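Below is one structure; the comments refer to it alone.
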Amino acid sequence: MSFVLSEDQQMLRDTAMAFARDEMPVTHLRELRDGGANGVDAEMRGKLAELGFFGVLVPEEHDGVGLGMVAMGQIMEAQGRTIAATPLLQTAVIGASVLILGGSEAQKAEWLPKIASGEVTVAVAVDEGTHHAPLNIATEAERNGQGYTLNGAKRYVTDGHHADVFIIAARTFGEAGQAHGISLFLVPNDATGLSVQALNTVDSHGAAHLSLDDVAVSEDHVVGAVDAGWEVLEPALDRGRIALAAEAFGSAQAAFDMTLEYMQTRKQFGQLIGSFQSLQHRAAKMFTELELTRSCIAAALSGVDENRNDVAELASLAKARASDLIHLVSNETVQFHGGIGMTDAHDSGLYMKRARVQEALLGGASYHRDRYAKLNGF
Amino acid sequence: MSFVLSEDQQMLRDTAMAFARDEMPVTHLRELRDGGANGVDAEMRGKLAELGFFGVLVPEEHDGVGLGMVAMGQIMEAQGRTIAATPLLQTAVIGASVLILGGSEAQKAEWLPKIASGEVTVAVAVDEGTHHAPLNIATEAERNGQGYTLNGAKRYVTDGHHADVFIIAARTFGEAGQAHGISLFLVPNDATGLSVQALNTVDSHGAAHLSLDDVAVSEDHVVGAVDAGWEVLEPALDRGRIALAAEAFGSAQAAFDMTLEYMQTRKQFGQLIGSFQSLQHRAAKMFTELELTRSCIAAALSGVDENRNDVAELASLAKARASDLIHLVSNETVQFHGGIGMTDAHDSGLYMKRARVQEALLGGASYHRDRYAKLNGF
Amino acid sequence: MAFDAPEDLDEFRTSVRDWLEENCPPSMRTPMKDDEIVWGGKREKFKNPESKLWLERMGDQGWTAPEWPAEYGGGGLNKAQARVLQQEMRRIRARPPLFSFGLWMFGPALLEFGNEEQKKRFIPDIVKGKTRWCQGYSEPGAGSDLAGLQTKCEDKGDHWLINGQKVWTSYADQADWIFCLVRTDKTVKHEGISFLVFDMETEGVEARPIKLISGSSPFCETFFTDVKVPKDQLVGQLNAGWTIAKRLLQFERSSISAGGFGGTGGSGILPPQEYAKQHVGVDETGRVADGDLRARITDHLMYAKAFGLTVQRSTEEAKAGQEVGHTASIMKYAAAKMNQDKCELLVEALGTDGLGWDGDGFAEDAKKATRGWLRSKGNSIEGGTSEINLNVVAKRVLGLREHQ
Amino acid sequence: MAFDAPEDLDEFRTSVRDWLEENCPPSMRTPMKDDEIVWGGKREKFKNPESKLWLERMGDQGWTAPEWPAEYGGGGLNKAQARVLQQEMRRIRARPPLFSFGLWMFGPALLEFGNEEQKKRFIPDIVKGKTRWCQGYSEPGAGSDLAGLQTKCEDKGDHWLINGQKVWTSYADQADWIFCLVRTDKTVKHEGISFLVFDMETEGVEARPIKLISGSSPFCETFFTDVKVPKDQLVGQLNAGWTIAKRLLQFERSSISAGGFGGTGGSGILPPQEYAKQHVGVDETGRVADGDLRARITDHLMYAKAFGLTVQRSTEEAKAGQEVGHTASIMKYAAAKMNQDKCELLVEALGTDGLGWDGDGFAEDAKKATRGWLRSKGNSIEGGTSEINLNVVAKRVLGLREHQ
């Protein structure tokens with residue numbers, strides 16, 4: 001495992017941090033929210049594409065830059081710092097990974113360049129209940145002459161409200177709970193029978209419920225082997241979990257920095273609040289959690305690039321700890337700020353709202369503790 | 001529910017507190033330990049009997065004082081304050097309750113006066129594994145001509161090393177995990193085939209493993225209905241859990257008081273350690289937990305006396321919260337005392353050692369959270 | 001004083017019962033609806049006309065403030081009579097005719113600290129609900145350390161001149177008058193604070209509602225720019241306002257720890273274990289399938305039960321004449337923790353259904369739970385932060401000292 | 001300095017390898033046994049005679065202290081050579097010939113702060129393991145606040161006179177000499193401390209072993225009653241002992257946070273999840289049946305994994321020349337928490353098997369786990385309490401200030 005960035009990775013990190021700070025500060029999210037944009041910003045998508053961020057995981061042969069997950073993690077951490085709404089997680093990480101890991105040569109040639117260029121956004125739609133449970137796929141894909149007919153529903157699909165194309169996990173065999181029998185289908189957002197209900201979410205990033213009513217998909221839109229979609233989906237989700245953990249870590253770091261600064265400026269009873277020992281200890285404990293979690297995320301990111309066989313474990317480690325971290329830090333951020341932290345005008349609340357979404361998506365701390373224990377045989 | 005003691009109960013409380021302070025201080029436990037007594041003290045047993053403590057639950061018609069659980073709880077809390085080793089929990093609470101709730105008239109007439117007078121000590125032997133699981137009875141009681149033959153083993157039976165008579169939970173029907181089929185048997189400590197292995201335990205109170213090898217029990221030694229021992233055992237165990245929670249609460253209060261005193265006398269950096277805000281907040285949180293738990297124990301004790309239908313729930317509430325309380329307080333007691341708290345010469349460690357026994361016996365916090373959730377239907 | 005002996009009380013009860021029978025309109029005997037609460041004052045719209053009638057009748061009796069002296073328009077009842085009135089109102093489920101910071105906070109303080117002229121001038125309109133009051137205490141730089149307030153009040157001979165800013169002034173945008181702490185001496189802290197009252201329509205007063213993280217709120221920021229206040233609107237002595245303030249804070253804290261919390265989420269929200277059962281599912285024995293979440297929900301339920309039992313114990317001990325200060329001191333801290341834990345568990349159990357803001361696609365109860373969760377974060381801040389509570393417990397209850 | 005270029009190092013390696021081949025006795029190439037550890041000094045018994053031989057041979061080479069100057073009996077090696085020696089010893093799994101506070105702590109300090117005569121007098125016997133040293137730092141009234149020490153040292157013209165008491169002096173009952181902090185000026189705090197060394201057989205010195213909650217321990221209480229110490233046994237300047245003390249504390253803390261902890265329980269103890277599987281049982285899918293305990297064990301395992309990864313990261317960052325002070329500062333706190341959590345989980349998973357003290361009826365590994373649990377409570381106290389660690393993080397790393 002590598003914990004020190006290469007020169008290329010460091011450069012990308014610097015670029016991403018500067019971009020988030022200058023172009024996507026928290027005020028930008030406020031503007032999108034107050035303008036009713038529901039987290040969608042075509043112009044910003046264009047800028048991200050120009051910087052090559054969509055193609056970080058895409059191999060050079062498909063017009064990407066092929067820098068890998070460590071590099072992608074730096075971008076995710078940067079956007080986490082300003083809780084920016086971008087389609088990167090779904091498109092550049094999970095969507096791209098599904099195609100890279102499972103796509104046919106023709107599919108890769110068709111879709112990966114479009115992803116890398118920012119031309120299309122992708123949303124991978126898995127969960128059907130309110131808690132992450134990727135094996136619980138009940139959406140049916142019935143074989144017919146020309147291909148498959150899909151029926152079912154997907155809940156809270158992030159970026160679903162503005163995705164150009166969906167990758168739908170559906171069942172071609174077996175029943176909910178089983179890995180075998182899950183298959184993956186590329187479905188354009190204008191497919192007949194697909195309806196997309198946009199959601200106003202607490203974090204102002206938006207999402208969508210999908211319903212599929214006799215949606216016809218041709219055979220060449222199946223990604224990976226029929227019935228064996230899980231082999232592609234699980235590692236792609238793990239990449240998503242690690243990237244989301246990196247994002248949450250960035251948010252936690254930013255919220256912590258903001259809190260630390262407040263502690264060093266706000267006075268009560270004639271004293272800086274940062275000079276009160278109980279707050280000092282709580283801050284020192286948060287700092288400890290930040291440092292420990294930073295290592296987990298770095299290990300998970302580089303674990304993917306090194307093709308290690310414990311990526312699933314590292315992903316659950318990173319996601320569980322990042323979820324607990326952002327939960328703690330976002331709550332303490334509001335509390336340390338006192339009354340001002342309760343106002344919409346202050347950023348504390350925005351971090352806390354985004355935190356709960358970062359925690360829940362792709363499995364919360366409970367989910368990943370359970371998975372980690374299973375992977376460790378108990 | 002009643003939270004205010006009657007005059008009788010208050011008088012008994014005062015007596016018990018004074019007795020624990022004057023006759024059974026922590027130094028007394030040290031003497032027993034250093035003398036190799038393994039928690040057994042015949043003289044002290046006599047004094048407890050003289051005070052009538054063994055007969056608090058026993059009805060007056062059987063030579064007891066019939067004051068009930070609230071009264072008993074005051075005695076348990078008092079002995080918890082000085083982590084004294086007495087046979088009260090097994091004899092005066094659980095053993096007496098089994099006989100009161102399930103004994104035939106003849107059994108009551110034979111045993112209850114002997115319990116109330118302190119003439120016999122009883123140990124109710126239930127668990128066969130290392131974690132409290134009273135339904136997991138595998139010890140077999142096979143019907144034969146004259147009565148029953150018992151085969152099996154019991155682990156870590158408190159007071160088992162000096163009990164005059166055992167009440168053994170054994171299976172006359174069904175299999176481990178089932179309530180139906182459990183029966184209760186009175187077995188004197190000199191029964192043929194019964195062997196008692198005394199244990200040196202971390203709290204210096206002692207305990208015993210039992211093994212039963214073709215132990216013959218006559219029919220009139222069955223307590224309660226055959227196969228329906230659970231109906232007696234469960235409420236008796238609940239009384240035991242509530243009494244043990246009261247004891248643990250007493251220990252927590254004493255450890256907290258000791259810590260608070262140290263905070264008000266020990267100086268470091270020229271300041272009383274009690275003036276450091278982080279320790280102040282931790283102390284205030286412990287105090288909050290103490291006050292909340294005090295109410296749970298009072299409610300559970302009076303719930304038994306009032307014959308409420310939610311005693312099981314109240315027992316689990318009291319035992320879970322008392323276990324968490326003494327866990328927290330005993331750890332903080334050692335930590336607040338620093339180096340001196342690590343020495344055998346100081347009492348901190350004795351409270352911590354007793355704490356883990358109080359936590360584990362009759363079900364720890366995990367066990368009772370699980371039971372409480374089940375009782376609440378989820 | 002006409003009714004005092006037990007037999008007199010019976011007579012009083014009969015007269016109250018008869019009066020209520022005659023005067024309490026039918027719709028005022030139904031459960032209160034949120035949008036029919038009457039706060040009084042000039043802007044009061046009386047959505048339900050019967051609530052206007054009810055307020056007028058009760059106000060004329062002085063029974064909105066049963067124990068206040070009759071000479072200022074109060075009911076003039078003694079404690080026993082007031083209890084009878086309360087019992088009789090409860091018997092017919094009569095709605096409270098008036099919600100009012102004037103009744104709950106300012107009035108009692110004015111009766112204690114105000115001069116005769118001030119009582120005559122302000123109390124009757126409070127009793128009748130004609131003036132709606134708000135409280136100007138906290139400032140951006142003075143939260144936990146309220147006495148650090150800086151709103152400047154200068155003596156200009158024939159008037160006071162006020163400049164500064166208040167925050168968390170509940171309903172300032174709808175109030176007629178404000179009672180307000182101001183700084184009249186910068187050289188000392190607690191001894192440089194005075195207590196003023198003035199009309200919110202005075203030139204230079206502006207109230208702006210505060211949007212909270214949970215959405216709109218009754219709180220305002222209130223700005224004072226060269227606000228001129230007549231000299232006779234100082235309550236109590238100059239620079240002696242802190243004494244009044246402390247008394248008022250007692251009223252406020254005791255009403256909060258009695259359970260008047262924002263963020264419980266309101267009606268229609270199920271307990272967390274029910275959402276867990278629905279959203280996470282159960283195993284074959286009926287347990288919530290996620291053992292980790294299940295344990296944490298149970299731990300919370302036990303805490304809540306312990307809290308409820310402690311409230312009961314406290315009440316009983318008080319009745320028995322035992323000391324209860326110890327228990328009371330921890331209740332605000334514990335209530336905040338309890339409610340915040342519950343709200344977090346609700347959102348967690350709801351999963352992505354707990355992440356909605358508005359619009360379709362999320363159930364109404366789920367959205368309420370989410371807003372309630374956000375609002376609950378204020379529980380450990382408003383009315384004294386949890387940190388301040390713990391300081392108080394450490395010092396007053398446990399007797400721990402400050403650094404010497 | 002004879003070997004320095006890479007090719008010279010190769011030559012050095014060959015000579016070391018040959019020497020070890022010839023001089024390292026066979027049993028010294030087997031894993032160390034607890035009771036064969038050599039601490040040296042007058043009381044050393046050398047349970048295994050080959051360990052005496054091994055110490056003598058290594059001591060004569062100066063290789064017990066490879067980098068110390070040859071003029072005081074040290075090995076006189078440079079860093080590169082010392083690394084080669086270490087590698088070659090590891091290759092044949094050679095035991096360390098000597099455990100010694102003289103080597104680890106006092107020696108380095110004396111080389112830095114002692115005068116020529118003192119170095120000549122004390123260093124050679126440390127290298128050869130002839131003198132065993134102990135450390136006299138903490139006192140009953142000076143734990144976290146070490147500089148608050150009170151052991152009195154008076155200048156009696158031709159000698160120092162010492163009166164006072166030390167605690168936590170490891171192995172004081174077996175040491176030959178002590179290095180000791182004493183108070184030579186009561187009017188100032190840090191600037192009134194001096195650093196003395198003296199023979200533990202001096203009249204008036206008494207060391208009593210301390211029994212811990214986990215049983216017997218290497219720690220002692222050490223009493224000084226009118227102990228006379230020759231004037232030339234002061235190290236460094238009078239009243240300048242705190243500088244030496246701080247340097248020594250750095251050595252101590254870095255060795256603790258590197259993992260040299262009491263209470264891990266030692267060999268034969270399984271990880272908590274294994275005891276949970278055995279003692280609590282598993283459900284039909286292989287999960288530990290108690291979902292609550294299972295979640296807490298997993299949380300601990302994740303913490304431990306995160307800790308291990310952070311140690312790795314720290315090492316890599318240091319190699320890459322990046323700042324690592326931040327990470328290092330939290331490791332002692334985190335290590336204490338990690339180890340204590342693990343020990344608690346072991347005892348909880350073992351159930352009543354975790355409640356044994358001694359004798360039959362409890363498995364050996366279970367009893368070890370119980371003793372280890374008790375010992376682990378010292379992790380957050382010894383070498384700087386967790387509270388002090390958090391203060392240090394808050395102030396030095398986060399830049400938070402004290403009250404002004």
Side-chain angles (χ1 to χ4, degrees), chain A residues 1-5 256-257 259-261 263-264 267 269-300 303 310 313-314 316-321 324-325 365-366 368-378, chain D residues 271-277 280 282 285-288 291 294-299 301-322 326-331 333-334 337-338 386-387 389-404:
Chain A
M1 255 169 297
S2 168
F3 294 95
V4 174
L5 298 183
F256 180 73
D257 291 347
T259 303
L260 200 57
E261 195 187 322
M263 291 174 78
Q264 287 162 324
K267 283 190 173 188
F269 304 104
Q271 300 289 348
L272 291 173
I273 62 168
S275 67
F276 287 95
Q277 197 196 27
S278 72
L279 298 190
Q280 288 186 344
H281 280 196
R282 283 155 69 179
K285 286 180 187 175
M286 282 193 270
F287 177 75
T288 306
E289 293 298 319
L290 275 163
E291 287 301 309
L292 293 178
T293 304
R294 184 197 301 280
S295 314
C296 298
I297 288 162
D310 60 351
E313 208 174 308
L314 289 168
S316 282
L317 175 73
K319 183 61 172 61
R321 286 199 53 86
D324 281 344
L325 174 73
S366 280
H368 286 290
R369 276 196 288 269
D370 179 59
R371 185 170 183 245
Y372 193 83
K374 269 188 230 158
L375 290 167
N376 279 276
F378 67 98
Chain D
Q273 66 272 28
E274 295 305 320
Y275 288 121
K277 286 199 287 195
V280 180
V282 296
T285 68
R287 299 185 203 191
V288 167
R294 177 172 179 263
R296 288 181 286 118
I297 289 176
T298 312
D299 197 37
L301 292 182
M302 286 186 164
Y303 194 92
K305 180 86 180 175
F307 182 87
L309 290 170
T310 305
V311 170
Q312 253 183 282
R313 174 164 71 87
S314 213
T315 312
E316 269 200 41
E317 287 174 349
K319 272 192 209 152
Q322 297 177 5
H326 287 195
T327 322
S329 66
I330 59 166
M331 295 313 270
Y333 167 78
K337 177 180 154 44
M338 171 176 69
S386 287
E387 288 77 14
N389 292 158
L390 293 173
N391 284 346
V392 169
V393 172
K395 277 159 201 156
R396 301 219 191 121
V397 183
L398 304 182
L400 297 169
R401 288 192 254 160
E402 305 228 25
H403 280 345
Q404 297 302 311

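Below, chain A is the first sequence line, B the second, and so on; all start at residue 1. Values in this document were obtained by computation on a predicted structure and should not be read as measured data.
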**Prompt:** Taking all atoms of both residues into account, what is the closest heavy-atom pair of His281(A) and Glu387(D), and its distance?
**Reply:** NE2-O, 3.4 Å
**Message:** Go through it in stages, so that I can follow the logic: the residues are Phe378(A) and Ile297(D), the test is side chain to side chain contact (heavy atoms under 4.5 Å, CB included), and I'd like the CA-CA distance, side-chain angles, deciding distance and then a yes or no.
**Reply:** CA-CA 10 Å; Phe378(A) 67 98; Ile297(D) 289 176; 4.0 Å; yes
**Item:** Minimum-distance pair of heavy atoms, taken over all atoms of Gln264(A) and Gly399(D)
**Value:** NE2-O, 3.2 Å
**Donor on one side chain, acceptor on other, Asn391(D) and Gln277(A), under 3.5 Å** = yes
**Request:** Measure distances from Ala373(A) to the heavy atoms of chain D and classify the residue's part below 4.5 Å as side chain, backbone, both or neither.
**Result:** both
**Message:** If I measure from the heavy atoms of chain A, does Glu402(D) come under 4.5 Å with its side chain, its backbone, both, or neither?
**Reply:** backbone
**Request:** Specify the closest pair of heavy atoms between Leu400(D) and Gly274(A), including all atoms of both residues, with the distance to one decimal.
**Result:** CB-O, 3.5 Å
**Message:** Is Glu274(D) close to chain A through its backbone or its side chain, or both, or neither, when contacts mean heavy atoms under 4.5 Å?
**Reply:** neither
**Part of Asp324(A) within contact of chain D (heavy atom distance under 4.5 Å)** = side chain
**Item:** chain A contact via Tyr303(D) - side chain, backbone, both or neither, heavy atoms under 4.5 Å
**Value:** both
**Request:** State, to 0.1 Å, how close Arg369(A) and Thr298(D) come at their nearest heavy-atom pair, and which atoms those are.
**Result:** O-CG2, 3.2 Å
**Item:** Spacing of CD1 belonging to Ile330(D) relative to CG belonging to Leu290(A), to within rounding of 0.5 Å
**Value:** 9.0 Å
**Request:** Taking the side chain as every heavy atom from C-beta outward, state whether Leu398(D) and Phe256(A) have any pair of such atoms under 4.5 Å apart.
**Result:** yes
**Asked** For the atom pair CZ (Arg282(A)) and CG (Leu390(D)), what is the distance rounded to the nearest 0.5 Å?
**Response** 13.0 Å
**Fill in**
Honestly, the part of Ser366(A) sitting under 4.5 Å from a heavy atom of chain D is neither
**Prompt:** If you take all heavy atoms of Gln404(D) and Gln271(A), which pair is closest and at what distance?
**Reply:** N-OE1, 2.9 Å
**Gap separating the CG atom of Leu301(D) from the CD atom of Glu313(A), nearest 0.5 angstrom** = 9.5 Å
**Item:** Toward chain A, the part of Val288(D) with a non-hydrogen atom under 4.5 Å
**Value:** both
**Request:** Begin from the C-alpha positions of Tyr372(A) and Asp299(D) and carry the test side chain to side chain contact (heavy atoms under 4.5 Å, CB included) through to its verdict.
**Result:** CA-CA 9 Å; Tyr372(A) 193 83; Asp299(D) 197 37; over 6 Å; no
**Asked** Between Lys395(D) and Gln280(A), is any pair of side-chain heavy atoms under 4.5 Å apart?
**Response** yes
**Request:** Step by step, work out the side chain to side chain contact (heavy atoms under 4.5 Å, CB included) result for Lys319(D) and Val4(A).
**Result:** CA-CA 10 Å; Lys319(D) 272 192 209 152; Val4(A) 174; over 6 Å; no
**Message:** Checking Ser295(A) against Arg313(D): is there a side-chain donor and acceptor pair closer than 3.5 Å?
**Reply:** yes
**Asked** Taking side chain as C-beta onward, heavy atoms only, is His403(D) less than 4.5 Å from Leu272(A)?
**Response** no
**Request:** Tell me, for Leu314(A) versus chain D, whether the close heavy atoms (under 4.5 Å) come from the side chain, the backbone, both or neither.
**Result:** side chain
**Fill in**
Shortest non-hydrogen pair, Phe3(A) vs Glu316(D), comes out as N-OE1, 3.0 Å
**Fill in**
Rounding to 0.5 Å, atoms CE (Met302(D)) and OG (Ser316(A)) come to a distance of 6.0 Å
**Request:** Using the side chain to side chain contact (heavy atoms under 4.5 Å, CB included) rule, take Arg294(D) and Asp370(A) through it: C-alpha gap first, then chi angles, then the decisive distance, then the call.
**Result:** CA-CA 8 Å; Arg294(D) 177 172 179 263; Asp370(A) 179 59; 2.7 Å; yes
**Request:** Measure Phe269(A) against the heavy atoms of chain D and call it side chain, backbone, both or neither at under 4.5 Å.
**Result:** neither
**Prompt:** Can you tell which of Ala306(D), Ala394(D), Ala276(D) has the highest number of heavy-atom pairs within less than 4.5 Å of chain A?
**Reply:** Ala306(D)
